Amino acid sequence: MKIMPVSMPKDIDKYFFNRVKDINMINTQISTIKLDIPPQLLITGYRGVGKTFLLRKIFNDQSSDILTVFIDLSEIVGRQKGKLTEEKVLKEILDSINKTISNDMTSYEKLCNTIKSHIDKLRLINYDFSDASHVLDIPIPVISDNYEELSKFVMELPQNIVDGSDKINGFLIAIDEFQLLKNIDNPEAFFWLIRSFTQKQFNVGYIFTGSVSKTSDIINMINGQEGAFGGRLIQINIEPFTYDETRQYIKEKSNNLQFTDEGFKRFYSCTMGIPLYINSLSSVLPNNIVCDEKIIKQTLQLNIDQVAIMWIYIWGRLSQGEKDFIIYLLENNGATRFTLDNELGYSKSSITRFIDSLLNQGIIEFINKEYVLADKMLARWLKIKYETNGFYPI
Ligand SMILES: Nc1ncnc2c1ncn2[C@@H]1O[C@H](COP(=O)(O)OP(=O)(O)OP(=O)(O)O)[C@@H](O)[C@H]1O
Ligand SMILES: [Mg+2]
C-alpha cells in the first residue's frame, strides 16, 4: 500500500515528488560555494508547502565535499520548553556541526587538528574545561557566560573546517523556522552577528527558511534595506503544487485514489495544492470508490481535526488576544487596521503586537490594505468547529 506521509519520512526519496525547478534553482545558488561565493538564501512559503522537505532533500543530495547542517529551531523550542536564547541557538549549531563532521570519518584526523588549533587560538581567559562539551571528542571550553567567545568559536568553525580539509569545499547551514529568532532578546543583533561572520567566510552558506508572511517585520529585520543582510539574501518562495502537479502527484504517489472531475476540483480547492493537506486529506479519503464533490466535502467535514491537525497545535500556543484577532478576521473576511483599532476591543499597542506575531508566524497576510487569514484550512477548521460545537476552539 502506498502512503503519503504527513510528517518528515526517513526515506525522503521514496515520497518526494517533483520540485525539479526549485531544486535546480536552489542548487544553482548553492553551487557558488565552490567558487568562494557563499550562498545566502531566504526560503519562504506557506505552512506545509514543503520547505523543510525540499531543503532536506537538497541537502541529502549534495556531493560529499559539501557538508550540511540542518537546524530546526522549533525543535529546540519544543525540547527545552524554555525561552529561545542566542546561546541555545549557537550551541545547537555547534552540536549539529559536530554530528555532521563526526559522520564524515574520512577527514576525521585532519579535522581534529584543525579544531584543536582553532580552540588553541581562542584560549584566552575564563575557560573552564571541567564540564566540557565535545567536538570530535575534543573537549571544548565551557563558555556559557562568555557569549562573545562562544559566538566566535561557533561561527568561525565551519570555515575553519573547510580550510583545514582538502576534501571539503563548502559548508551549508540551514536554519529552519528562523522566524522563531524573533523571540530571542535581541534578534537584530543576532542577525548582524551572523552577517558579520559571513562577510569573512567564502565557503559557508546560510539558508534561512520559515513560514513567515512576505510582509512580516522579521523579513525586514533580516533582509530589508536597514536589515542585517540588506537585501543580499536571495529570497525564494516555494509555491504550492499547481493543479496539474497535484493531479500527477496523486497519480504517482497515492494509494490509487480516484476522482470525478468535479471531485478533483474540490480536492484541489480544499488542499490549495499544499502537500501537507494533500497528504492528510488523501489519507482519510476512501480508495475503493471514485470520489465526487460530495464525498470530498463530507470526508473533510468529518475528519477536519486530522486534516488540519497542525492548526490544533498552533492554536493552542496563541494568546487569547491573537485568537480573538483571528476570529474577527474570519467573521469579517479580513479587516483594515482602522477597523481593527475601532472594533476589536483591544488597545492599539496590543493590536500591533498581535499583527507582528501573526505575520511572523505566517498566520495572517497583509493584502490590499487588509489583514486576512493566510491559510484557508485554518478558516475551515474554525468554521467547522463552530458549526459542530457552537463555539470556537478554546
Ligand atoms: N515535494 C513533496 N513531495 C511529497 N510530499 C511532500 C513534498 N513537500 C512536502 N510534502 C509533504 O508535506 C509535509 C509538509 O512539508 P514540510 O514540513 O516540508 O512543509 P514546510 O513548508 O516546512 O511547513 P512548515 O512551515 O509548517 O514547517 C511533509 O511532511 C511531506 O509529507
Ligand atoms: Mg518546515
Side-chain angles (χ1 to χ4, degrees), residues 2-27 41-61 70-78 174-182 207-214 216 218-219 235-242 244-255 257 270-284 306-318 358-365 373-378 381:
K2 286 187 186 169
I3 293 173
M4 298 164 87
V6 286
S7 57
M8 201 57 57
K10 211 167 172 205
D11 183 354
I12 292 179
D13 284 324
K14 184 168 173 195
Y15 302 102
F16 195 85
F17 174 73
N18 194 350
R19 293 288 187 208
V20 174
K21 275 192 206 149
D22 298 296
I23 292 174
N24 285 342
M25 182 158 54
I26 293 170
N27 271 333
L41 310 180
L42 175 57
I43 296 180
T44 55
Y46 290 121
R47 278 180 187 281
V49 83
K51 303 173 292 295
T52 303
F53 208 18
L54 175 66
L55 260 190
R56 290 225 182 243
K57 157 117 184 108
I58 289 176
F59 272 22
N60 268 4
D61 294 348
F70 197 97
I71 289 130
D72 180 351
L73 294 181
S74 70
E75 259 176 37
I76 316 182
V77 175
I175 301 193
D176 199 6
E177 305 288 354
F178 84 99
Q179 74 274 7
L180 291 170
L181 290 173
K182 187 77 203 297
I207 302 173
F208 297 94
T209 155
S211 342
V212 291
S213 161
K214 277 175 255 175
S216 73
I218 188 127
I219 293 220
Q235 216 159 313
I236 296 173
N237 198 56
I238 305 303
E239 303 293 339
F241 290 165
T242 62
D244 289 340
E245 281 167 343
T246 307
R247 258 224 127 107
Q248 192 59 33
Y249 177 46
I250 291 289
K251 203 170 144 204
E252 267 180 42
K253 305 276 187 187
S254 83
N255 197 23
L257 284 181
C270 287
T271 58
M272 300 157 288
I274 294 178
L276 177 67
Y277 298 140
I278 297 177
N279 291 6
S280 56
L281 183 52
S282 295
S283 74
V284 289
Q306 210 168 324
V307 179
I309 186 144
M310 166 180 79
W311 289 109
I312 301 180
Y313 296 122
I314 297 175
W315 190 256
R317 291 200 303 261
L318 297 175
L358 295 172
L359 279 174
N360 284 334
Q361 297 179 69
I363 297 175
I364 62 169
E365 285 179 306
L373 296 185
D375 189 317
K376 270 197 279 174
M377 196 60 82
L378 168 64
W381 175 63

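Quantities reported herein were computed from a predicted structural model and do not represent experimental measurements. One-based numbering, in listed order, for ligands and for the atoms of each.
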* Asked: Where's the contact between Phe241 and ligand 1, heavy-atom distance under 4.0 Å: side chain, backbone, both or neither?
  -> side chain

* To do: Specify the protein heavy atom at minimum distance from atom 12 (O) of ligand 1: its residue, its atom name, and the distance to 0.1 Å.
  => Leu276 N, 3.4 Å

* To do: Enter the distance from Ile309:CD1 to Ile314:CD1 here, rounded to the nearest 0.5 Å.
  => 11.5 Å

* So, does Asn360 use its side chain to make a donor-acceptor pair with the main chain of Ile218 at under 3.5 Å? -> yes

* **Atom CZ of Phe178: over 12 foreign heavy atoms under 6.0 Å** => yes

* Asked: Among all protein non-hydrogen atoms, which one is nearest to atom 7 (C) of ligand 1, and what is the separation to 0.1 Å?
  -> Phe53 CD2, 3.2 Å

* Arg56 near ligand 1 by a heavy-atom separation under 4.0 Å -> no

* What residue and heavy atom of the protein are closest to atom 19 (O) of ligand 1, and at what distance? -> Gly50 N, 3.1 Å

* Report the C-alpha distance between Ile278 and Phe17 in whole Å, list the side-chain angles of each, state the deciding distance to 0.1 Å, and finish with yes or no for side-chain contact (heavy atoms from CB on, under 4.5 Å). => CA-CA 12 Å; Ile278 297 177; Phe17 174 73; over 6 Å; no

* Structure fact -> In this structure, atom 11 (C) of ligand 1 is nearest to the protein heavy atom Asn279 ND2, 3.5 Å

* Asked: Which is it for Lys253 and ligand 1 at heavy atoms under 4.0 Å: side chain, backbone, both or neither?
  -> neither

* Please find out if less than 6.0 Å separates the ring center of Tyr15 from that of Phe53. => no

* **Protein heavy-atom partner closest to atom 31 (O) of ligand 1 - residue, atom, separation in Å** => Pro5 O, 2.6 Å

* With a 3.5 Å cut-off and no angle check, do the side chains of Tyr249 and Asp244 form a donor-acceptor pair? -> no

* Structure fact -> Numbered in order shown, the ligand 1 atoms found under 4.0 Å of a heavy atom of Ser211 are 24 (P), 25 (O)

* First locate atom CD of Gln179, then atom OG of Ser211, and finally report the distance between them rounded to the nearest 0.5 Å. => 5.0 Å

* If you measure from the Lys or Arg side-chain nitrogens to the Asp or Glu carboxylate oxygens, is any gap between Asp13 and Lys57 under 4.0 Å? -> yes

* **Taking atom 17 (O) of ligand 1 as the reference point, the nearest protein heavy atom with its distance** => Met8 CE, 3.9 Å

* Rounded distance (nearest 0.5 Å) linking atom CG of Asn60 with atom CG of Leu55 -> 11.0 Å

* Asked: Nearest to atom 1 (N) of ligand 1, what protein heavy atom do you find, and at what distance?
  -> Phe17 O, 3.0 Å

* Asked: Relative to the heavy atoms of Phe16, which atoms of ligand 1 are at a distance of less than 4.0 Å?
  -> 1 (N), 3 (N)

* So how far is it from Leu318 CG to Gln361 CD, rounded to the nearest 0.5 Å? -> 6.0 Å

* Structure fact -> Short version for Thr52: what comes under 4.0 Å of ligand 1, heavy atoms counted, is both

* Per-residue contact class, Tyr249 against ligand 1 - non-hydrogen pairs under 4.0 Å -> side chain

* Structure fact -> Tyr15 heavy atoms within 4.0 Å reach ligand 1 at atoms 3 (N), 4 (C)

* Could you tell me which atoms of ligand 1, counted from 1 in the order shown, lie closer than 4.0 angstrom to a heavy atom of Tyr46? => 21 (O)

* To do: Please determine if Gly48 has a nitrogen or oxygen closer than 3.5 Å to a nitrogen or oxygen of ligand 1.
  => yes

* For Thr246 and Thr242, indicate whether the former's side chain and the latter's backbone hold a donor-acceptor pair under 3.5 Å. => yes

* **Option among Ile58, Asp22, Asp61 that satisfies the side chain to side chain contact (heavy atoms under 4.5 Å, CB included) test with Asn27** => Ile58

* Using modelled atom types only, decide if a donor and an acceptor are shared between the side chain of Ser254 and the backbone of Leu257 within a distance under 3.5 Å. => yes

* Structure fact -> Looking at Lys57, Arg47, Glu177, Lys51, the heavy atom closest to atom 27 (O) of ligand 1 belongs to Glu177

* Structure fact -> Across all chains, not counting sequence neighbours, the salt bridge (charged side-chain N to carboxylate O under 4.0 Å, His left out) partners of Asp176 are none

* Shell of protein N/O/S atoms around the Mg ion (ligand 2), taken as anything under 2.8 Å -> Thr52 OG1

* Asked: Atom CD in Glu75, atom CG in Leu180: separation rounded to 0.5 Å?
  -> 11.5 Å

* Structure fact -> So for Arg19 against ligand 1, with non-hydrogen atoms under 4.0 Å, the contacting part is side chain

